[in-house]
Amino acid sequence: MQRTLVLLKPDAVQRGLVGRIVARLEDRGLRLVAAKMLLMDQKLAHRHYEDHVDKPFFKGLVEFMTSAPMVAMVLEGKNAVEVVRQMMGSTDSAKAAPGTIRGDLALDTRRNLVHGSDSPETAEREIALFFAPQEVLGYQRDVDRWIATGP
């Protein structure tokens, strides 16, 4: 099993699309093992997007990501990183294929609803930025415990 970080950006929250996006991810067989709503601060935004610091869009991206609440999630499943990346579609919503989250729901490149880790290594780093280890369920272990002991 592989884990990946998914961020539902401020536009997804503002437009009331959180449930629809989560449902699509779960329908694909991914399991939600951590989730929280938060207002990303400047420090976290800079750490999360550190690879883009020298790019012209960095300042606008940080401003957007810190402008309103967002939802951070950890999803688990077979090839989770690749599955989420395919489901998201192209960063440019005009180029995103129909059937993808961005192709069906996003309005433009900047307000493209969702972020997903681009590799298993990046996922590990990003998950640690948003979640303490005890906030992420050891899904199968916890499910087995729930079945054995009841809710």
Side-chain angles (χ1 to χ4, degrees), residues 1-139 142:
M1 286 295 152
Q2 188 177 75
R3 289 182 172 170
T4 190
L5 179 79
V6 174
L7 300 178
L8 301 183
K9 297 179 180 183
D11 55 328
V13 174
Q14 291 168 335
R15 293 179 54 208
L17 297 173
V18 171
R20 288 176 64 186
I21 295 170
V22 171
R24 288 173 82 142
L25 295 164
E26 288 182 320
D27 285 349
R28 186 68 188 269
L30 297 167
R31 288 182 294 274
L32 185 63
V33 295
K36 65 171 88 169
M37 181 177 270
L38 66 137
L39 184 58
M40 186 186 286
D41 63 23
Q42 293 277 329
K43 182 178 175 184
L44 179 56
H46 279 261
R47 288 178 63 203
H48 180 67
Y49 289 110
E50 67 189 9
D51 292 344
H52 302 300
V53 72
D54 294 326
K55 296 183 179 161
F57 61 82
F58 179 76
K59 183 180 178 196
L61 177 61
V62 169
E63 287 173 1
F64 170 60
M65 292 300 293
T66 60
S67 68
M70 51 158 294
V71 175
M73 304 182 298
V74 179
L75 295 168
E76 181 179 84
K78 186 175 181 183
N79 301 315
V81 171
E82 181 181 341
V83 169
V84 168
R85 301 287 297 174
Q86 289 173 355
M87 290 184 70
M88 289 189 317
S90 175
T91 302
D92 182 347
S93 61
K95 296 177 183 174
T100 64
I101 293 166
R102 291 173 176 153
D104 293 349
L105 304 170
L107 300 176
D108 61 47
T109 300
R110 184 167 165 230
R111 296 184 181 278
N112 62 10
L113 303 173
V114 64
H115 162 87
S117 303
D118 63 9
S119 72
E121 297 76 26
T122 301
E124 229 177 276
R125 181 185 72 78
E126 291 180 343
I127 290 168
L129 287 174
F130 289 88
F131 295 93
Q134 66 272 17
E135 293 179 303
V136 182
L137 296 178
Y139 188 82
D142 292 333

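This structure is a prediction, so every number in the text was calculated from the model and none was measured.
Checked against salt bridge (Lys or Arg N to Asp or Glu O under 4.0 Å), R15 has no partners two or more places apart in sequence or in another chain. Every side chain to side chain donor-acceptor pair (under 3.5 Å) that E82 has, sequence neighbours left out, goes to Q86. Taking the salt bridge (Lys or Arg N to Asp or Glu O under 4.0 Å) definition, one finds that D108 meets it with nothing, sequence neighbours left out. Legend: residues meeting side chain to side chain donor-acceptor pair (under 3.5 Å) with N79, ordered by chain and number and at least two apart, are absent. Here K55 pairs with H52 under the side chain to side chain donor-acceptor pair (under 3.5 Å) rule; sequence neighbours left out. Not a single side chain to side chain donor-acceptor pair (under 3.5 Å) links E63 to another residue, sequence neighbours left out.
For the pair T4 and L30, the minimum side-chain heavy-atom distance is 4.5 Å or more. Annotation: side chain of M73 is in contact with side chain of L25 (closest heavy-atom distance under 4.5 Å). Within the 4.5 Å cutoff, side-chain heavy atoms of E76 are placed close to those of R3. The side-chain heavy atoms of I21 and L105, taken from C-beta on, include a pair separated by under 4.5 Å. A 4.5 Å side-chain heavy-atom check between V22 and V6 finds every atom pair outside the cut-off. Between V71 and M37 the shortest side-chain heavy-atom distance falls below 4.5 Å. The closest side-chain heavy-atom distance from T91 to T109 is below 4.5 Å. Proximity of L75 to L32: side-chain heavy atoms (C-beta onward) are separated by under 4.5 Å at one or more points.
Looking at every heavy atom in both residues, Y49 comes nearest to F58 through O-CE1, 3.5 Å. Residue F131 comes nearest to A34 through the heavy atom pair CE2-CB, 3.7 Å, listed as atom of the first residue, atom of the second, then distance. What you find for R102 and S93 is that their closest heavy atoms are O-CB, 3.8 Å. The two residues S67 and L39 come nearest to each other via the heavy atoms C-CD1, 4.3 Å. Closest approach of S117 and A123 over heavy atoms only: OG-CA, 3.3 Å. The two atoms that bring A68 and P10 nearest to each other are O-CG, 3.5 Å, heavy atoms only.
The distance from atom CG of L17 to atom NZ of K9, rounded to the nearest 0.5 Å, is 13.5 Å. Note that OG1 of T66 is 8.5 Å distant from CE of M40, once rounded to the nearest 0.5 Å. Annotation: the span from N112 atom CG to D11 atom CG amounts to 7.0 Å, rounded to 0.5 Å. To the nearest 0.5 Å, atoms CZ (F57) and CZ (F64) are separated by 13.5 Å.
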>> With side chain to side chain contact (heavy atoms under 4.5 Å, CB included) as the criterion, how do L7 and M65 come out once you've worked through the C-alpha distance, each side chain's angles and the decisive distance to 0.1 Å?
In response: CA-CA 10 Å; L7 300 178; M65 292 300 293; 4.3 Å; yes
> Can you check side chain to side chain contact (heavy atoms under 4.5 Å, CB included) on T122 and D51, steps first, answer last?
Replying inline: CA-CA 11 Å; T122 301; D51 292 344; 5.9 Å; no
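Residue pairs that meet the ring-ring contact (aromatic ring centres under 6.0 Å, His included) test with at least one member in residues 72-108, sequence neighbours left out, do not exist here. Counting only residues at least two apart or in different chains, salt bridge (charged side-chain N to carboxylate O under 4.0 Å, His left out) contacts with residues 16-27 comprise R24-D104. Applying the ring-ring contact (aromatic ring centres under 6.0 Å, His included) test to residues at least two apart or on different chains, none of the pairs has a partner in residues 70-112. For residues 97-130, the ring-ring contact (aromatic ring centres under 6.0 Å, His included) pairs, not counting sequence neighbours, are H48-H115, H48-F130. Residue pairs meeting the ring-ring contact (aromatic ring centres under 6.0 Å, His included) criterion with at least one partner in residues 8-38, sequence neighbours excluded, are absent. For residues 123-137, every residue pair satisfying the salt bridge (charged side-chain N to carboxylate O under 4.0 Å, His left out) rule, not counting sequence neighbours, is listed here: K36-E135, E50-R125.
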